[in-house]
Amino acid sequence: SRSKPVALSDSVAPRAVARTCIGCRLKRVASSGAMRCGAWILAGTLGIAAETMSSAAAAASLKCAIRNCLPVDTSRQSGDEVLCYTNTGGEQAFGRCATPARPHCAMCRTEPPCESWCEKETYVPLPLGSPCHLDRECGGGELTSCHLGVCRRTLWAGQRCDAADNQTVCLYGFQQCVDGFCKGLGTNEPCWDGYRDGEDLDCQFGWYCLRGFCVPQLPNGHTCFGEHTSECVRGHRCNLSGKHTHCAPEYSLPDGMLSSDERLCRSSHINPRVNECALAPPYDNSGGACFSSADCAREDGSTGDCTCKSWWNGMGSPGYCELAVPDREKPAWLRWWEHSIANCQQNWPEERCAAETGEEALLTMVLAERQATADPSLPVPDCAHDLLEVLSVAAAAPRRTAVRPGTAACALAALALAAVIQAPGAVGSIA
C-alpha cells in the first residue's frame, strides 16, 4: 500500500518527483523539521535509492564566566576609593574591601561593562509605601516590589491577603482580595498565558490556562496529550510512553516501566535505548573536566550534567561533570517537593512559595543540599567570598569513583552538613 506523501528536505528535493516511502520509519529531524525516509521507490522505476542519515548532533559547548581576583592596588592611600568588582560581560574580577572606612561591596547591576567600588555603607532598602523606580530599591522580603512607582507587597493569585491593607496588591486573575485570598480565575474564564513568570498565573489552584481559558487540571490516570506542562494535577506528569498516555504521579514508576519523563521514575533516570525507567549506570566521572554534556557520557548512552565551575580563570575546561543523585535520595528536597505540591501553585517560584508558607528554613536546606557538589574549583578564593553565593565544603573533595545506589544520599548529606553558605545575609551554617 502507498503511504501518504511526505515533506522532503532540501538535500533530496531535486530527486523528489512522484516518490513514495515504503518500509521505513519516518523521523523528524530536529534541525530542519523535515521528514526524511531511509528507503524510496521511484514511480515507474524498480530502483531503490538509500539515504544515509546522521542522527548525532554536536553538543553545545558550555559557556562560563571567567573569574579572577583583582590585583592589589598599592598606589592608593588609606580612605581612598578601592575597586572591588568588574564585569566586562564575559569576565569578572573580584577584590576585598579591607579598609574599615569602606568595608562594603556590591556587584554592579548595570549592563556590562561595569564596575563597583568599596563603599562606606550598603544601600538601605525603602520601606513599604515609598516612591520607587526599581524592584531592588524596595525592602520587606521576597514578596515586595516596585508596583506603579510605589513599594508594595505584590501577591499572586492564591496567596493570602488583607483587603484593608493598602500596601498590598493582588496581581493576576481577578486582581482582588476576596475572603482573605487573591482570587484566581475558574473554569472557562478567559486567561492570559504569556506572562514572563508562568503560563497559569491567572488561574486558581488546581486549574491551568489552556488556549486562553482556565480549565481544571487532569487527575491521576486521566488521558493526557502533553499539550501543556501543567495539564496534570500538581505532583503528576503526562506519561506519553506506552499504549495509553495518562497522568501519572511523579517518582512512582519502577525500573522497567516505559516513561517519557525521568521525573516519573523512582530512579530519576531513563535508559534512552529502550525509554524505560532504570538505575543510572555507575558514574565514575563526577568532578571530571568537561566542555559539554557529551563529556559526561554514561554506559547506556545517556549523559550527565556538565556544569560551570564556580571559579574558572579561562584555562582548561570551564565545566565539570556534576554528581548524579536521584531526587528521592535528597532528604531536604523530598520534603520540599511534598510541601510545595500541597501548598503552592505550579507557577510560583521557590522563593515565593517559601515566603508564603513560612518555610524559608526548609528552602535554605534545599539550596545547601542542591549546591553540595563535585565542583573541583571549590572553595573559591577569598577575594570573592563577599560576593559569590557558593558553598564552601570543609570536607575533602569527593573522590571520582562510582556511587552505588543507596549511598548517594549519605554522600550528599555529608557534603551538606559540612557546608556553610558564604553570602551576605545568608542563614548561617547548615547542621
Side-chain angles (χ1 to χ4, degrees), residues 59-76 80-125 134-137 142 196 287-293 295-296 305-323 349-351 364 367-368 370-394 397 415 419-427:
S61 297
L62 195 65
K63 295 183 179 179
C64 305
I66 298 175
R67 290 171 170 170
N68 288 291
C69 291
L70 287 167
V72 178
D73 189 353
T74 57
S75 64
R76 295 183 176 273
D80 289 348
E81 289 187 343
V82 176
L83 187 66
C84 61
Y85 175 75
T86 63
N87 184 357
T88 64
E91 299 185 22
Q92 298 173 327
F94 301 81
R96 298 298 297 271
C97 296
T99 59
R102 299 178 182 271
H104 303 291
C105 184
M107 288 186 181
C108 52
R109 296 177 179 267
T110 57
E111 190 72 19
C114 65
E115 58 188 22
S116 298
W117 299 78
C118 294
E119 301 173 352
K120 294 181 179 179
E121 59 184 26
T122 56
Y123 177 77
V124 178
L134 302 171
D135 289 345
R136 65 173 180 265
E137 295 177 334
E142 178 64 31
R196 180 188 62 182
C290 63
F291 291 86
S292 71
S293 59
D295 297 325
C296 306
D305 293 329
C306 183
T307 307
C308 285
K309 295 176 180 176
S310 298
W311 193 263
W312 178 55
N313 62 4
M315 303 295 291
S317 64
Y320 66 97
C321 295
E322 182 58 287
L323 181 69
E350 293 176 332
E351 295 77 12
T364 299
L367 296 177
R370 186 177 295 162
Q371 294 187 66
T373 175
D375 188 350
S377 69
L378 290 178
V380 299
D382 291 342
C383 66
H385 275 192
D386 294 338
L387 296 179
L388 288 184
E389 185 176 348
V390 297
L391 290 177
S392 178
V393 181
L415 287 172
V420 177
I421 296 180
Q422 301 290 336
V427 187

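The first residue in the sequence is number 1, and the count goes up from there.
- Residues Glu142 and Glu351 have side chains in contact (heavy-atom distance under 4.5 Å, counting atoms from C-beta outward).
- Distance alone, capped at 3.5 Å, places no donor-acceptor pair between the Ser116 side chain and the Cys84 backbone.
- For the atom pair SG of Cys114 and CD of Gln92, the computed distance is 9.0 Å after rounding to the nearest 0.5 Å.
- Rounding to the nearest 0.5 Å places CG of Leu378 at 7.0 Å from OH of Tyr320.
- Judged by distance alone, with hydrogens and angles left aside, the side-chain atoms of Ser317 form no donor-acceptor pair with the main-chain N or O of Ala289 at under 3.5 Å.
- Between Lys120 and Glu81 there is no salt bridge, since no side-chain N of the basic residue sits under 4.0 Å from a carboxylate O of the acidic one.
- We find the OG1-CG distance between Thr307 and Asp375 to be 8.5 Å, quoted to the nearest 0.5 Å.
- In this structure, Asp382 does not pair ionically with Arg96, as no charged nitrogen and carboxylate oxygen lie closer than 4.0 Å.
- Looking only at distances, no side-chain donor or acceptor of Ser377 sits under 3.5 Å from a matching main-chain atom of Lys309.
- The minimum heavy-atom distance linking Val380 with Ala384 is given by the pair CG2-CB, 4.5 Å.
- With sequence neighbours left out, the side-chain hydrogen bond (donor to acceptor under 3.5 Å, both in side chains) criterion links Glu115 to Trp117.
- Of the possible polar contacts, none joining the His104 side chain to the Cys118 backbone as a donor-acceptor pair under 3.5 Å is found.
- Residues Ala374 and Leu323 share a closest heavy-atom pair of CB-N, 4.0 Å.
- A 4.5 Å side-chain heavy-atom check between Leu388 and Phe94 finds at least one atom pair inside the cut-off.
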Step-by-step side-chain contact (heavy atoms from CB on, under 4.5 Å) determination, Leu62 to Cys308: CA-CA 7 Å; Leu62 195 65; Cys308 285; 3.9 Å; yes

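- Contact of the Phe291 side chain with the Cys306 side chain is not registered, since no non-hydrogen atoms from C-beta on lie closer than 4.5 Å.
- To the nearest 0.5 Å, atom CH2 of residue Trp311 and atom CD1 of residue Ile66 are 11.5 Å apart.
- At distances below 3.5 Å, at least one donor-acceptor pair connects side-chain atoms of Arg67 with backbone N or O atoms of Ser310.
- Closest heavy-atom contact between Glu350 and Leu367: OE1-CD2, 4.5 Å.
- With 2.5 angstrom as the limit on SG-SG distance, Cys296 and Cys321 come in below it.
- Considering all non-hydrogen atoms of both residues, Leu83 and Leu70 come closest at O-CD1, 3.7 Å.
- No donor-acceptor pair under 3.5 Å is formed between the side chain of Glu91 and the backbone N or O of Thr88.
- The distance from atom CG of Asp386 to atom SG of Cys97, rounded to the nearest 0.5 Å, is 7.0 Å.
- Note that CD of Glu322 is 9.5 Å distant from SG of Cys290, once rounded to the nearest 0.5 Å.
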